[in-house]
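Predicted model only: the values in this text are computed from it and were never measured. What you see below is based on every heavy atom in this structure, not just the backbone, and it leaves out hydrogens, waters and symmetry mates.
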Amino acid sequence: MGPRAGIAAFLSSLSAVPVSHFINNLHGVDSPEVVFAAGVAVLLGLLLVLYLLVGSSRPKDPLFYVFAVFSFTSVIDLVISLEQDGYIKGFMTFYMKEGEPYLRSAHGILICYWDGTVHYVLYLTMIGAITLGWNYRSVGLYWLGSLVMSLITLLLGTSVGRYGSEIRPAFLLNIPYVLLPIWAGKKIIGRPRSLPSVSADQVAKDQARWLYRRPVDVCLMLYLTFAIMYTLLRGFVALDCSLDFCDTYKYDLEPYLLDPVMYPQIQMLVNMFYLLPFFALALYGLIVPGCAWMLDLTVVFAGAIAQAQFAHVGASLHPRTSFTYRVPDHALSDFLYANAIFAIGAQLLALRCAIRPGFFHKGVPQNSQETEKKVN
């Protein structure tokens, strides 16, 4: 397979800019139903054009078309965020009015920035890998965690928060983002892992090493302990805990958790009910050797935590958030340090598992090791 398919997907994604400008200047695109119909027509038309452009170089992996369409919508999201922040104008005004007005919120703008930059790079990377026949399993798992976290917070927060009364038919355009990742995730997980080869002797050596001789793992365990405590604290605050330290935290350190848009509260609850079990499992996986599930789980949650922290921290400081709910100046440095540690620690955990996976491999029986030595 030549590079034609990848080039076609890249050029198709860039067409989002002129397409959005063209539709924005059309007469009659002024009702929620018309905007929804236009969105469906554009996505279906994109699939047809992409199919024709690829020609005889059509990839066998059906996820190519999923990533190609999602890369187009990533550029749309980047245009939305840039327009909302005043850097450009005249592209997505119609959509913000009658499509998805909740994307005008600080949280909506930040997730659009993330989708238009990080997700876009991930899509192009996976498209290139499919075109060249490379393994993209790890990149796919990272994308999966990031996208699912983004969707859970956005959809739930929109439904129960301030923007619940402004849901339009275009809200249904999120359905492919809910269904396709389920199918894509199943296909990605089914692919073979691409990890450094580790001999049976090295696996046995890594798994026999006591914890005090693994300083990196000790540091990661300290991070996970901090993450558990920080997640519990903010989860209790989101649940409107009446304890003194919860009141102090939400009023003096992170008032964004009181914002009626509900995105920060939903994010903290998602963290408590989904990230908290992961942190506990990761602690177990760093203590007990042979937990092979750590190799995948850490990548998925690294993507999820990176997206969540980017959107939450950015929205806490964004001018679109009311001044009352922004992080106070006296607490800004502590807020940034704590959230940076929370986000970066998850990336380092995933990196540690990928670089030195021997500790997490299933143990090799002693007789198997001896047989291997005799054969060699």
Side-chain angles (χ1 to χ4, degrees), residues 137-153 156 181-182 184-186 188-196 198 203 206-236 238-239 266-310 312 338-364:
R137 190 176 191 274
S138 295
V139 179
L141 291 175
Y142 194 89
W143 160 78
L144 185 65
S146 176
L147 182 64
V148 171
M149 177 63 84
S150 175
L151 282 173
I152 291 175
T153 307
L156 291 179
I182 298 174
K186 183 178 180 181
I188 291 171
I189 292 173
R191 294 177 175 276
R193 290 192 182 102
S194 179
L195 293 170
V198 184
V203 170
D206 289 345
Q207 295 185 357
R209 188 175 290 121
W210 289 92
L211 184 59
Y212 70 89
R213 297 182 61 190
R214 294 185 279 129
V216 173
D217 289 354
V218 172
C219 291
L220 290 172
M221 291 177 67
L222 291 175
Y223 156 73
L224 290 170
T225 304
F226 159 77
I228 288 173
M229 296 172 62
Y230 197 43
T231 301
L232 280 173
L233 170 62
R234 299 202 289 185
F236 286 147
L239 291 171
I266 294 295
Q267 184 66 73
M268 295 306 108
L269 292 178
V270 170
N271 287 358
M272 189 164 70
F273 290 114
Y274 292 95
L275 296 189
L276 201 58
F278 162 70
F279 293 141
L281 286 172
L283 272 174
Y284 176 84
L286 288 174
I287 297 173
V288 180
C291 297
W293 42 264
M294 283 281 287
L295 301 173
D296 291 339
L297 207 60
T298 53
V299 178
V300 173
F301 278 90
I305 293 171
Q307 188 283 325
Q309 288 300 103
F310 177 84
H312 180 74
N339 282 278
I341 293 172
F342 191 83
I344 295 172
Q347 317 308 308
L348 296 178
L349 176 61
L351 188 62
R352 179 265 180 270
C353 294
I355 293 177
R356 296 186 63 87
F359 183 79
F360 307 103
H361 283 306
K362 294 294 184 182
V364 180

Should the heavy atoms of other residues, nucleotides or ligands under 6.0 Å from OH of Tyr230 be counted, would the total exceed 12? yes
Which distance, rounded to the nearest 0.5 Å, do you find between the OG1 of Thr225 and the OH of Tyr223? 11.0 Å
Does Arg214, at its CZ atom, have more than 12 non-hydrogen atoms belonging to other residues, nucleotides or ligands within less than 6.0 Å? yes
Working note: Met268 + His312, criterion side chain to side chain contact (heavy atoms under 4.5 Å, CB included); need CA distance, chi angles, decisive distance, verdict. CA-CA 9 Å; Met268 295 306 108; His312 180 74; 3.8 Å; yes
Nearest heavy-atom neighbours spanning Phe360 and Leu286: CZ-CD2, 4.0 Å
Between Ile305 and Phe279, does a side chain to side chain contact (heavy atoms under 4.5 Å, CB included) hold up when you go through it step by step? CA-CA 11 Å; Ile305 293 171; Phe279 293 141; 3.9 Å; yes
Under 3.5 Å donor-acceptor, Arg191 side chain and Arg137 backbone: no
Close side-chain approach of Arg356 and Val216, heavy atoms under 4.5 Å: no
How close do Leu295 and Pro357 get, counting heavy atoms only, and between which atoms? CD2-CB, 3.7 Å
Look up atom CG in Asp296 and atom CD1 in Ile189, then write down how far apart they are to the nearest 0.5 Å. 7.0 Å
State, with a plain yes or no, whether a side-chain heavy atom of Met221 is found less than 4.5 Å away from one of Leu211. yes
Between Cys291 and Tyr284, the two heavy atoms sitting closest are SG-CE2, 3.7 Å
Any chance you could lay out the side-chain hydrogen bond (donor to acceptor under 3.5 Å, both in side chains) test for Gln347 and Tyr142, step after step, and finish with the verdict? CA-CA 10 Å; Gln347 317 308 308; Tyr142 194 89; 2.9 Å; yes
Is the shortest heavy-atom distance from the side chain of Leu283 to the side chain of Ile228 under 4.5 Å? yes
Can you list the steps and then say if Thr153 with Gln307 is a side chain to side chain contact (heavy atoms under 4.5 Å, CB included)? CA-CA 11 Å; Thr153 307; Gln307 188 283 325; 5.6 Å; no
Determine, stepwise, if the pair Leu349 / Leu224 fulfils side chain to side chain contact (heavy atoms under 4.5 Å, CB included). CA-CA 9 Å; Leu349 176 61; Leu224 290 170; 4.2 Å; yes
Closest non-hydrogen atom pair between Leu275 and Phe301, with its separation: CD2-CD2, 3.4 Å
Enter the distance from Leu276:CG to Asn271:CG here, rounded to the nearest 0.5 Å. 9.5 Å
If you measure from OH on Tyr212 to CG on Asp217, what distance do you get to the nearest 0.5 Å? 14.5 Å
Considering all heavy atoms of both residues, which atom of Ala302 and which atom of Ala346 are nearest to each other, and what is their separation? CB-O, 3.8 Å
Heavy-atom count around Ile152 CD1 within 6.0 Å, excluding the residue itself: above 12? yes
Gap between atom CG of Leu141 and atom OG of Ser146 - 0.5 Å precision: 12.5 Å
Are the side chains of Val300 and Phe278 in touch, meaning some heavy atoms are under 4.5 Å apart? no
Can you see which heavy atom on Leu144 is nearest to which on Gly185, and at what distance? CD2-CA, 3.7 Å
Got a sec: does the OH of Tyr274 have more than 12 other heavy atoms crowding it under 6.0 Å? no
Once rounded to the nearest 0.5 Å, what's the spacing between atom CG of Leu151 and atom CE of Met149? 11.0 Å
